[in-house]
Engineer: 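Questions regarding the structure given below will be posed in turn.
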Amino acid sequence: MNTITEPIVLLHYRRPYQEERELVCVCESEKVANTEIHRLREEFPDLYPEPSRFETSLVIYVRRAY
């Protein structure tokens with residue numbers, strides 16, 4: 001079985017006074033994640049008021065190649 005591995009970036013938002021992070025979206029790179037942060041803050045300023053609460057994590061995505 002052949003596999004393809006590629007890095008993806010998970011974009012999270014940590015709400016004040018909560019332990020867990022909220023998964024906002026999956027992005028193909030850090031650059032796309034930063035663009036998404038700006039878009040979300042403009043489109044939903046009440047939901048995402050603090051840019052410092054956004055967090056990213058790099059994950060290796062493995063899928064089967066056909």
Side-chain angles (χ1 to χ4, degrees):
M1 172 175 74
N2 293 334
T3 59
I4 298 173
T5 59
E6 54 191 334
I8 57 173
V9 177
L10 303 179
L11 179 61
H12 300 273
Y13 191 79
R14 189 177 297 278
R15 301 269 174 218
Y17 310 110
Q18 290 184 356
E19 291 292 320
E20 296 182 12
R21 304 181 298 178
E22 168 190 337
L23 178 62
V24 178
C25 67
V26 178
C27 303
E28 56 193 40
S29 68
E30 283 282 340
K31 183 177 180 180
V32 173
N34 287 329
T35 302
E36 192 65 14
I37 290 170
H38 292 293
R39 186 190 70 76
L40 288 167
R41 294 202 60 237
E42 286 179 4
E43 197 168 321
F44 306 104
D46 294 339
L47 285 176
Y48 305 108
E50 298 179 51
S52 61
R53 294 196 169 274
F54 281 100
E55 299 175 1
T56 59
S57 55
L58 182 65
V59 177
I60 301 301
Y61 177 64
V62 180
R63 62 185 172 95
R64 240 186 267 176
Y66 293 102

Engineer: Nearest 0.5 angstrom please: C25 SG to I37 CD1, how far?
Structural biologist: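 Rounded to the nearest 0.5 Å, the SG-CD1 separation comes out at 8.5 Å.
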Engineer: To the nearest 0.5 Å, tell me how far Q18 CD sits from Y13 OH.
Structural biologist: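 Separation between the atoms: 10.5 Å.
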Engineer: Report the residue from L40, T56, L10, L47 that forms a side-chain contact (heavy atoms from CB on, under 4.5 Å) with V24.
Structural biologist: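 The option that passes is L40.
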Engineer: Taking the side chain as every heavy atom from C-beta outward, state whether P7 and E28 have any pair of such atoms under 4.5 Å apart.
Structural biologist: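 A side-chain contact under 4.5 Å is absent here.
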Engineer: Report yes if some heavy atom in the side chain of I60 is under 4.5 Å from a heavy atom in the side chain of V62; otherwise report no.
Structural biologist: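 Yes, their side chains come closer than 4.5 Å.
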Engineer: Testing E20, E19, E55 for side-chain contact (heavy atoms from CB on, under 4.5 Å) with R14, which one passes?
Structural biologist: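 Of all the options given, the one that passes is E55.
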Engineer: Mind checking what makes side chain to side chain donor-acceptor pair (under 3.5 Å) contact with E6, not counting sequence neighbours?
Structural biologist: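 By the side chain to side chain donor-acceptor pair (under 3.5 Å) rule, E6 matches R63.
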Engineer: If hydrophobic clusters are built from ILVMFWY residues whose side chains come within less than 4.5 Å, do V9 and L23 share one?
Structural biologist: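 No, V9 does not connect to L23 through the hydrophobic network.
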Engineer: Are there more than 12 heavy atoms of other residues, nucleotides or ligands under 6.0 Å from atom CD of E50?
Structural biologist: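 Above 12, so yes.
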Engineer: Please give me the minimum heavy-atom distance between A33 and L11, naming the atom from each residue.
Structural biologist: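 Taking A33 first and L11 second, the nearest heavy atoms are O-CD2, 4.1 Å.
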Engineer: Show your reasoning for whether side chain to side chain contact (heavy atoms under 4.5 Å, CB included) applies to Y48 and R15.
Structural biologist: CA-CA 9 Å; Y48 305 108; R15 301 269 174 218; 3.7 Å; yes
Engineer: Working note: E36 + R39, criterion salt bridge (charged side-chain N to carboxylate O under 4.0 Å, His left out); need CA distance, chi angles, decisive distance, verdict.
Structural biologist: CA-CA 5 Å; E36 192 65 14; R39 186 190 70 76; 2.5 Å; yes
